[in-house]
Protein chains: 2
Amino acid sequence: MNQPRDIVKKLTEHGYRLTPQRLMIVSAIEDSDGHISAEEIYAQVIAKYPQVNISTVYRTLELLKKLGLVTETDFGEGRVRYHPAGKGHHHHLVCQECGAIVDLDESVLVPLKNVLLREYGFSADLRHLAIFGRCVKCSQ
Amino acid sequence: MNQPRDIVKKLTEHGYRLTPQRLMIVSAIEDSDGHISAEEIYAQVIAKYPQVNISTVYRTLELLKKLGLVTETDFGEGRVRYHPAGKGHHHHLVCQECGAIVDLDESVLVPLKNVLLREYGFSADLRHLAIFGRCVKCSQ
DNA sequence: AGGTATATTGCAAGCTTTTGCAATTACAAC
DNA sequence: GTTGTAATTGCAAAAGCTTGCAATATACCT
């Protein structure tokens, strides 16, 4: 499990600078329950450090994604949510009718990942997926 | 395979009005090679009918999606692309390193669809998916 | 500690998509 | 063919996210 310290370590290892903005953004993500939006991160950061710009939040999120430290999931809300990769992966079944969200164990996608790797040589990044459709109730 | 006539039929069946805007938007999608963006549809439509607004394009696309007549795919370009549902479904493997796109047969996702239905009662809408990751070349 | 290179930031503008609202128009009923 | 009404549109503004550029600040080197 990654802790803020591990993220900081990974940043310096890759030659990225440790700015106060980055440290606060990382803390906000780590302190969250796991599905935090850019706007929510931004709100937390400016509470302590009001001159930070939201574009810095987006740029930091992009960097953390690139380093594999956070995953991004689109729940179809019109905004995307972020999850610290160290807190484990899981997926979501999102009902387009009633909006219900059911969590899905990561293992369900392992066979697909294996097929893609075996038959196409493709390493799929399926770490935090939202699958849309209809739940049991709404399918009737 | 749906033709414009079928789409028109489905619209009237559901009580939606046949406006010239809708008819032109439907034609643009049907005439495309299958992965057309909202901006491209808009450009085709205003060539003949200049006062049409792009929000009408987006609203029509939303309606066609809801009726299952078009599918929407995010290739990670910062804009989404549309495909007439009648022209068949397929998926895409998008390499995040080099941008290569490999087409994937629909059948590869059938086992996943079945597991979700059997174990969660969830009818997944997996008609035109983009899966991100790394292609063979970029994985080394 | 001080100087330097360059990564990073803030700002403003832009892009894609969505939404509220008033004006318009398709379609059904007469 | 007229009329009524509710669906649809255009417009303008806004939401979410990205980007170019000049100013700033981190980390390295001495």
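Heavy atoms only: backbone and side chains are in, while hydrogens, waters and symmetry mates are out. Labels below follow one simple rule: chain letters A, B, ... track the order of the sequence lines, proteins then strands, and each chain is numbered from 1.
- Once rounded to the nearest 0.5 Å, the distance linking NE2 of B:His91 with CG of B:Leu126 reads 6.5 Å.
- Straight-line distance from the CD1 atom of A:Ile54 to the C1' atom of C:dG14: 16 Å, rounded to whole Å.
- A:Ile36 and A:Val94 are assigned to two separate hydrophobic clusters, defined by single-linkage of ILVMFWY side chains at heavy-atom distances under 4.5 Å.
- For B:His128, the side-chain hydrogen bond (donor to acceptor under 3.5 Å, both in side chains) test picks out B:His35, B:Thr71, B:His92, with sequence neighbours left out.
- OP1 or OP2 of C:dT9 has at least one side-chain nitrogen or oxygen of A:Thr19 nearer than 4.0 Å.
- Within residues 36-52 of chain B, the residues having any heavy atom closer than 4.0 Å to DNA chain D are, in order of number, B:Gln51, B:Val52.
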Mind listing the N/O atom pairs, protein and nucleotides 28-30 of chain C, below 3.5 Å?
none

Exercise. Is there a side-chain contact (heavy atoms from CB on, under 4.5 Å) between B:Gln44 and B:Ile41 once you walk through the steps?
Worked result: CA-CA 5 Å; B:Gln44 283 193 41; B:Ile41 295 170; 5.9 Å; no
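- With sequence neighbours left out, B:Gln96 forms a side-chain hydrogen bond (donor to acceptor under 3.5 Å, both in side chains) with no residue at all.
- Residue B:Ser55 is the one, among B:Ser55 and B:Tyr16, whose nearest nucleotide of DNA chain C lies closer to the 5' end (criterion: closest heavy atom).
- The backbone N or O of B:Arg127 sits nowhere less than 3.5 Å from a side-chain atom of B:His90 that would complete a donor-acceptor pair.
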Exercise. Does the pair A:Tyr120 and B:Val108 meet the rule for a side-chain contact (heavy atoms from CB on, under 4.5 Å), with working shown?
Worked result: CA-CA 11 Å; A:Tyr120 298 83; B:Val108 177; 3.9 Å; yes
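- As judged by a 4.0 angstrom heavy-atom cut-off over every strand, A:Gln21 is placed among residues touching the sugar-phosphate backbone only.
- Sequence order on DNA chain C of the closest nucleotides to B:Leu18 and B:Val80 puts B:Val80 first from the 5' end.
- Here B:Tyr58 does not reach the OP1 or OP2 of C:dT18: none of its side-chain N or O atoms lies under 4.0 Å away.
- Residue order along DNA chain D, read from the 5' end via each residue's closest nucleotide, puts A:Arg81 first among A:Arg81 and A:Arg59.
- For the pair A:His14 NE2 and C:dT8 P, the computed distance is 13 Å after rounding to whole Å.
- In terms of heavy-atom proximity, A:Ser139 sits nearest to B:Ser123 at OG-OG, 3.4 Å.
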For this session: With side-chain contact (heavy atoms from CB on, under 4.5 Å) as the test, would you mind laying out the steps for B:Lys87 and B:Glu30 before giving the verdict?
Result: CA-CA 9 Å; B:Lys87 286 194 178 175; B:Glu30 287 290 346; 4.2 Å; yes
Exercise. A:Leu104 and B:Leu116: side-chain contact (heavy atoms from CB on, under 4.5 Å), yes or no, with the steps?
Worked result: CA-CA 9 Å; A:Leu104 187 65; B:Leu116 296 180; 3.9 Å; yes
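- Between C:dT8 and A:Arg22, a contact under 4.0 Å exists linking OP1 or OP2 to a side-chain N or O.
- Heavy-atom minimum distance, B:Thr56 versus B:Ile25: O-CD1, 3.9 Å.
- What separates CG of A:Asn53 from P of C:dA12 is a distance of 9 Å, to the nearest Å.
- Bounding nucleotides for the chain A contact on DNA chain D, 5' to 3', at a heavy-atom distance below 4.0 Å, are D:dG16 to D:dA27.
- Salt bridge annotation for A:Arg81-A:Glu40: present, with a cationic side-chain nitrogen under 4.0 angstrom from a carboxylate oxygen.
- Less than 4.0 Å separates DNA chain C from at least one heavy atom of each of the following residues of residues 70-79 of chain B: B:Gly78, B:Arg79.
- Separating the CD1 atom in B:Ile29 from the CG atom in B:Leu69 is a distance of 9.0 Å, to the nearest 0.5 Å.
- Of the possible donor and acceptor atoms, none in the side chain of A:Lys65 sits under 3.5 Å from a partner among the backbone N and O of A:Thr60.
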